S.K.: 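First the structure, then my questions, so here it is.
Just the heavy atoms: all of them, side chains too, but no hydrogens, waters or symmetry mates, feed the values below. Given the structure is predicted, the values throughout are model-derived calculations rather than measurements.
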Amino acid sequence: MRIGELARRTAVSERLLRYYEEQGLLRPARLPSGYRVYAESDVDQVRRIRTLLSAGLPTTLIAQVLPCVREDGGRLVPCAGLVADLSRERARIDARIDDLAASRRVLDAVITAGETEPYDIAPPRDRPADRRANPTR
DNA sequence: TTTCTAACA
DNA sequence: TGTTAGGA
C-alpha cells in the first residue's frame, strides 16, 4: 500500500509517516516513481511506534527497540536478548554515575576548603555563582 | 489525484 | 507537525 492508505488506516498523517521513516522507524520499499510502498505489517508497526512514543521513548531508542518487540494483547513484550542488552547498558550507566559522584565529592571537598579561606574584603569577581543542581547537597 | 522533496511557520 | 511550493 502507499502512504495515503497507511495514513488513513493508522490515522497518522502522511507527514508523520515520512518523518518516522526519516528517523529509521519505518523502511518502506520504493517504486521506480519514488513512491513509498508499505507492507501490511506496517499498520501494526505504526501502532507500536505510537505506543512507544506516547510512553516517552525517544525515536532513536525506538528504532533500536522496535525490531525486537512483539505484541501480546495490547502489551508490548520485548524479547529476552533485548532485555539483556538494555540491562547491560543500564549497568554501564550506573557505573558512570558512581564515578561522577566520586568526582563530585572530590570537587566539593576542594570547593569547601577554598570557601573557608578568608575573603572578607570583597568577593572575587571571577567566582561564578553556585550552579550545582542541588546546592543543598 | 496522489505522492515526492524541501523548507518555512 | 502542519503547510506550502513546484514537479512528476
Side-chain angles (χ1 to χ4, degrees):
Chain A
M1 79 191 86
R2 288 184 308 205
I3 197 169
E5 186 182 344
L6 183 61
R8 281 192 299 278
R9 296 223 272 162
T10 60
V12 171
S13 70
E14 299 179 9
R15 172 73 170 79
L16 222 36
L17 291 175
R18 295 192 185 102
Y19 175 68
Y20 291 162
E21 177 183 10
E22 200 177 294
Q23 299 304 301
L25 274 32
L26 250 28
R27 347 229 15 129
R30 293 284 187 145
L31 255 28
S33 58
Y35 287 13
R36 275 164 265 250
V37 178
Y38 296 91
E40 270 299 316
S41 58
D42 284 332
V43 175
D44 284 328
Q45 189 78 328
V46 170
R47 293 193 176 120
R48 275 178 226 123
I49 291 172
R50 299 297 290 185
T51 298
L52 294 172
L53 236 30
S54 65
L57 291 181
T59 56
T60 53
L61 182 58
I62 293 177
Q64 298 176 53
V65 172
L66 214 51
C68 196
V69 169
R70 77 190 160 81
E71 204 159 354
D72 176 28
R75 295 243 179 243
L76 290 176
V77 183
C79 61
L82 176 65
V83 171
D85 286 347
L86 294 180
S87 293
R88 255 194 236 151
E89 185 54 37
R90 206 202 115 88
R92 271 193 283 276
I93 291 173
D94 279 345
R96 288 172 59 195
I97 288 175
D98 288 344
D99 287 346
L100 288 171
S103 294
R104 184 174 61 184
R105 282 193 292 278
V106 172
L107 294 182
D108 278 348
V110 174
I111 290 169
T112 299
E115 284 176 344
T116 59
E117 293 302 317
Y119 68 98
D120 56 315
I121 301 175
R125 274 201 132 192
D126 60 342
R127 186 153 63 86
D130 189 358
R131 297 202 194 299
R132 282 176 294 163
N134 188 346
T136 62
R137 191 175 296 179

S.K.: Using chain A heavy atoms and a threshold of under 4.0 Å, write down where along DNA chain C the contacts begin and end, 5' to 3'.
M.R.: dT1(C) to dA8(C)
S.K.: Are the charged groups of D99(A) and R96(A) less than 4.0 angstrom apart, N to O?
M.R.: no
S.K.: Tell me, please, which residues at least two apart from S13(A) pass side chain to side chain donor-acceptor pair (under 3.5 Å).
M.R.: none
S.K.: Measure the CD-CG distance between E22(A) and L17(A) for me, rounded to the nearest 0.5 Å.
M.R.: 12.5 Å
S.K.: Establish, from distance only, whether the side-chain atoms of R27(A) and Y20(A) form a donor-acceptor pair under 3.5 Å.
M.R.: no
S.K.: Tell me every residue that passes side chain to side chain donor-acceptor pair (under 3.5 Å) with D94(A), counting only those two or more places apart in sequence or in another chain.
M.R.: R90(A)
S.K.: In chain order, what residues pass the side chain to side chain donor-acceptor pair (under 3.5 Å) check against Y38(A), with sequence neighbours excluded?
M.R.: none
S.K.: Taking side chain to side chain donor-acceptor pair (under 3.5 Å) as the definition, give me every residue that meets it alongside E21(A), ordered by chain and number, with sequence neighbours left out.
M.R.: R30(A), R36(A)
S.K.: Before you tell me yes or no, could you show the steps for D44(A) and R47(A) under salt bridge (charged side-chain N to carboxylate O under 4.0 Å, His left out), namely the whole-Å CA-CA distance, both residues' side-chain angles and the distance that decides it to 0.1 Å?
M.R.: CA-CA 5 Å; D44(A) 284 328; R47(A) 293 193 176 120; 3.3 Å; yes
S.K.: In B/S/- notation, 5' to 3', how is nucleotides 4-9 of chain B contacted by protein heavy atoms closer than 4.0 Å?
M.R.: SB-B--
S.K.: Does any nucleotide pair with dT1(B) by Watson-Crick or G-U wobble geometry, both distances under 3.5 Å, and what is it?
M.R.: none
